[in-house]
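Since the structure comes first, as structure tokens, the remarks are kept for the end.
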Amino acid sequence: MGCTMMRKCHLNTCPVGIATQDPVLRKKFTGKPEHVINFFFMLAEDIRKIMAGLGIRKFQDLIGRTDLLRIATQREAKASNLDLKLLLQPALELRPGTNIVGGSVKQDFQLEKRSDNQLIAKAQQIFSGADDNVTVKMRIHNEERAFGSTLSYHIACKYGEAGLPSGKSIDIFLEGSAGQSFCAFLARGVNVTLKGDANDYVGKGLCGGNVVITPPDTAPFESHLNVIVGNVCLYGATEGTAFFRGIAAERFCVRNSGVTAVVEGVGDHGCEYMTGGLVVILGLTGRNFAAGMSGGIAYVYDIDGSFKPKVNPESVELLPLEIEKDVQLVKQLLADFIEKTGSKVAKELLANWAQAQSKFVKVFPYEYQKALQDLAEQESLEQPLKTSAIENGNGKHEPHIKDIEEAIQDVALEQKRAERVLDKTRGFVKYKREAAPYRDAGDRQKDWDEVYNFSHVRKNLKVQAARCMECGVPFCQSNSTGCPLGNIIPKWNDLVFHGEWQEALRQLLQTNNFPEFTGRVCPAPCEGSCVLGISEPAVTIKNIECAIIDHAFEQGWIKPEIPEVRTGKRVAIVGSGPSGLAASQQLNRAGHFVSVFERNDRVGGLLQYGIPTMKLSKEVVKRRVDLMADEGIEFRTNVHVGKDLKAEQLLKEYDAVLLTTGSTWPRDLPLANRDLKGIHFAMEFLEAQQKKQLGGKQDIISAAGKDVIIIGGGDTGCDCIATSLRQGAKSITTFEILPEPPQKRAEDNPWPQWPKVFRVDYGHEEVKLKWGKDPRQYCTTTKEFIGENGTIKGVNTVEVEWTKTETGQWRMQEVAGSEKYFPADLILLAMGFLGPEKTVPGELGLDLDPRGNIKACNGQYGTSNSKVFAAGDCRRGQSLVVWAITEGRQAARQVDSYLTGRPSGLPGPGGVVGTS
């Protein structure tokens, strides 16, 4: 089908081209009518199976049968709080004898009694040409719906959509209360005056008619304090006038595209998605005024100064009522309003105009300003002597003659213009993804600094944030295909767009303890599931996340959060990688005393020694660790639990123990001559280099002047490439046993799965720049290590091909005659990890799962020892840094509940949760 549940159908910006008439977006729809038909056939088949299982043959027989429904026994925490008993109570128990069989009783709408029949009869004098004007006086009741609509239908049949010809009119005077859709689609030439009130949808689709509604002459109340018309009045109206002496309820003038309306107050969401027309409001408004407003102008009398906070500022500018043309227009509309309705509010405003004018606010959409500016520029080109410009807006008059400098595109000027009026609604269509997040490859390969071009990224950040579509169902937040942390991505993207950095930071830190880490080293599964990624490059979520936290540190907003109350409970955490750090911070915030044990000389685990400084500066790690130490967390380095300190001792000294040791047991390649000198695991190589840079041992595994072969790919393989290059390698080649990924998603890799496509990361780009080719050799497996005098000298390889078996499984076969020898002075094994080291789990007698990870037997993170918990890669297996932080946060909740004996107050999973 293609629908991604964006819930933006009303904006004409459907990114998959379904609910839109935009020709650019329509091209993105790849579906066919047959797909829709097949979908409903399959849906019907599924429903038939369910109905058959219930013993039901027809849909009709399901009506009222709540006895066939059962409340699910397994529900999420929030859902378990819902009490559905009243909803599931059978209708016949509530109202015995009620007929619940739909369609069994024929309905009589009594259309022959509708008032429109009288109107149509009297209008015949005009239709026949016997008269030019007809006046009708009658009473109306609120059961009378769509009054005037059928009359307008007959007018359209006779005269077309233009309505009554000039000089012909039908004047209708009513008293009473009108029902829903009063004067809907009212045609030009029909003038309706009602003394009373009306229900919802007054003037819906108004097509040129004029509607006046006032309270009865004998009404004792003040009109400006009371609602006179219901919700959604003038929805989709295109032409005509509407004067309402009183307050209009919610969603007044939504999608108005041409009507002039005056009212004494409105409820929430006034002028939402308005595209044209004029609206004058003489009193208070509700919240979210002008949301999505792209055209027309509203003039609002801000009686008490409360209007500005109620406006949705995304698409409109608020200006004073100063321009003479505007002033005269408003005064004329007030005079007309007084003449038609006798409004006391309007009379007082005109009588004290000098004071009243200063309280009027002009609501002027940016898109409308731009359209007027374009029109003015076009007119100035067509009429050189005529000069015009947008008044009271952001536009500035431009001369119609351009010199040579102006004829050349000024990128900086274009950027300034974009910042002035950025289109958030259609940003994903108008703006391209920032494609250069890194510094120049030629420059960066000469140093060990971070590869990111932070200044360039920040310069374009607002434009990139404008590309976020704020999806109704944000797949980027999904814990199954998107961000495991459930980061509230659309929210902080929008806040960055509006320059609200502190609130963006608050939203970011709700779900992520360390955005400065994830914003640098995470592969960004959120971007892989971004809805925009279906047909365009995804939003630069990772860059925006990193910019928020870096900006916060620069501004001094990040300060130690020291708990006010301590529980007295002590927790030992073994391992200081991202999972251990996240858990320690959460447990510390809960008031527990936390000690983190790290076997290395510095805190950080993988973050400190497993990731090169080019991707994650160690100053960034130290900054966070120091902050956590200031919060009261104890870090004990050079303590190898299981060797220097027995794990059993931790059980005696602490109230709970959390293992976050990671998955550090590397996968080996047990071939002949594996014991040759010069063959190392990737982590040995990377850790030695990091320690040297931090002032440790200078005796490292060096790639200087050597032919380097890296067996395995992924992030670790790329880090080995970049490190070898900076050390001065003679050549660098990597072997990957799998085929080269496609440039675009394969058919068996649909969105929102992680896209298995060809990528060029920072290390690959650097090698290609230096030696002219990508270092990766695909479909290559190593057969034998070749040595000389006990030292590696090369490898024998063979190409492999992958084919699918009859059962759909992939099978690898060696390609005959494809054997090849590669010279090598250094071999780095980057083939992943098999699981955690077994010393500590063995000492504590913990159960392991079939893959060798610590088994969760008590809840999601509790082990076979009730006092011991496990989180991160040692529990779930080798994974991403975002999963490690997620595991640490949620394990902290379980530990906190265990220590306090009650549900934890720490945050639960965020984002779109509950997938299976």
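When only modelled atom types and interatomic distance are considered, Gln373 and Gln369 share no side-chain donor-acceptor pair under 3.5 Å. Ser223 and Glu264 form a side-chain donor-acceptor contact under 3.5 Å, judged by distance and modelled atom types alone.
Between Asp423 and the choices Lys462, Lys370, Lys430, the salt bridge (Lys or Arg N to Asp or Glu O under 4.0 Å) rule is met once, by Lys430. Applying the side-chain hydrogen bond (donor to acceptor under 3.5 Å, both in side chains) test between Arg426 and each of Thr13, Asp22, Asn12 identifies Asp22 as the sole match.
Distance check, rounded to the nearest 0.5 Å: CG of Leu329 to OG1 of Thr260 gives 8.0 Å. Atom-to-atom distance recorded for Asn199:CG and Gln180:CD is 5.0 Å, nearest 0.5 angstrom. Distance check, rounded to the nearest 0.5 Å: CD1 of Ile18 to SG of Cys3 gives 5.0 Å. The OH atom of Tyr366 sits 10.5 Å away from the CG atom of Leu422 when rounded to the nearest 0.5 Å. Atoms CD1 and CG, from Ile155 and Leu164 in turn, are 4.0 Å apart once rounded to the nearest 0.5 Å. Atom CG of Asn133 sits about 6.0 Å away from atom CD1 of Ile126, to the nearest 0.5 Å.
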Leu321 and Val361: side chain to side chain contact (heavy atoms under 4.5 Å, CB included), yes or no, with the steps?
-> CA-CA 6 Å; Leu321 182 63; Val361 177; over 6 Å; no
For the pair Leu318 and Val311, evaluate side chain to side chain contact (heavy atoms under 4.5 Å, CB included) and give the outcome as yes or no after the intermediate values.
-> CA-CA 9 Å; Leu318 303 184; Val311 177; 4.0 Å; yes
Carefully, step by step, assess Gln328 and Glu324 under the rule side chain to side chain donor-acceptor pair (under 3.5 Å).
-> CA-CA 6 Å; Gln328 293 305 317; Glu324 185 59 27; 2.5 Å; yes
Please report the C-alpha distance between Val300 and Val363 in whole Å, then the side-chain angles of each, then the deciding distance to 0.1 Å, and finally whether the side chain to side chain contact (heavy atoms under 4.5 Å, CB included) criterion is met.
-> CA-CA 8 Å; Val300 180; Val363 183; 4.3 Å; yes
Which is it for Glu536 and Lys28 under the salt bridge (Lys or Arg N to Asp or Glu O under 4.0 Å) test, yes or no, and what are the steps along the way?
-> CA-CA 9 Å; Glu536 297 287 340; Lys28 299 180 185 297; 2.5 Å; yes
Please walk me through it: do Leu282 and Val263 pass side chain to side chain contact (heavy atoms under 4.5 Å, CB included)?
-> CA-CA 6 Å; Leu282 307 181; Val263 66; over 6 Å; no
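Open room surrounds OH on Tyr201; 12 or fewer heavy atoms of other groups in view lie less than 6.0 Å from it. More than 12 heavy atoms of other shown residues, nucleotides or ligands fall within 6.0 angstrom of atom CG in Leu350. Around CZ of Phe221, the count of heavy atoms belonging to other residues, nucleotides or ligands within 6.0 Å exceeds 12. In Met138, the CE atom is crowded: over 12 heavy atoms of neighbouring residues, nucleotides or ligands sit closer than 6.0 Å.
Summarising the geometry of Ser315 relative to Met293, their closest heavy-atom pair is OG-O, 3.0 Å, with the distance given to 0.1 Å. Taking both residues in full, the closest heavy atoms of Pro490 and Cys468 are given as CA-SG, 3.9 Å, listed atom of the first, atom of the second, then distance. Of all heavy-atom pairs spanning Ala248 and Phe252, the tightest one is CB-CD1, 3.4 Å. Between Ala237 and Asn256 the shortest heavy-atom distance is O-OD1, 3.3 Å. In terms of heavy atoms, Leu225 sits closest to Ile247 at C-CD1, 3.8 Å. In terms of heavy-atom proximity, Val134 sits nearest to Lys122 at CG2-O, 3.6 Å.
Glu175 meets the salt bridge (charged side-chain N to carboxylate O under 4.0 Å, His left out) test with Arg139; sequence neighbours excluded. With sequence neighbours left out, the ring pair (Phe, Tyr, Trp, His ring centres under 6.0 Å) criterion links Phe243 to Phe337. With sequence neighbours excluded, the residues that form a salt bridge (charged side-chain N to carboxylate O under 4.0 Å, His left out) with Arg287 are Asp268. In this structure His154 satisfies the side-chain contact (heavy atoms from CB on, under 4.5 Å) test together with Ile120, Phe127, Thr150, sequence neighbours excluded. A search for side-chain hydrogen bond (donor to acceptor under 3.5 Å, both in side chains) contacts involving Thr218 returns nothing, not counting sequence neighbours. Among residues two or more places apart in sequence or in another chain, the salt bridge (charged side-chain N to carboxylate O under 4.0 Å, His left out) test is passed with Asp200 by none. Residues passing the salt bridge (charged side-chain N to carboxylate O under 4.0 Å, His left out) test with Glu500: none are found, sequence neighbours excluded. The side-chain hydrogen bond (donor to acceptor under 3.5 Å, both in side chains) check on Thr425 picks up nothing, with sequence neighbours excluded.
Applying the salt bridge (charged side-chain N to carboxylate O under 4.0 Å, His left out) definition to pairs two or more places apart or across chains, those involving residues 145-174 are Asp132-Lys168. Within the structure, the salt bridge (charged side-chain N to carboxylate O under 4.0 Å, His left out) test picks out the following pairs touching residues 217-230 (sequence neighbours left out): Lys195-Asp217. Every pair tested for salt bridge (charged side-chain N to carboxylate O under 4.0 Å, His left out) that includes a residue from residues 332-354 fails, sequence neighbours excluded, so the list is empty. Among residue pairs with one or both ends in residues 234-254, those qualifying as salt bridge (charged side-chain N to carboxylate O under 4.0 Å, His left out) are Arg188-Glu239, Arg251-Glu272; sequence neighbours excluded.
The closest side-chain heavy-atom distance from Phe360 to Leu349 is below 4.5 Å. Under the 4.5 Å side-chain criterion, counting only non-hydrogen atoms from C-beta, Leu25 is in contact with Phe428. Between Val211 and Phe244 there is a side-chain heavy-atom pair separated by less than 4.5 Å. Contact annotation: the side chain of Ile213 approaches that of Val202 to within less than 4.5 Å [non-hydrogen atoms, C-beta and beyond]. With a 4.5 Å cut-off on side-chain heavy atoms, Ile228 and Pro215 count as touching.
A salt bridge links Glu470 to Lys424: at least one charged side-chain nitrogen sits closer than 4.0 Å to a carboxylate oxygen.
Residues Phe307 and Phe289 place their aromatic rings such that the two centres sit under 6.0 Å apart.
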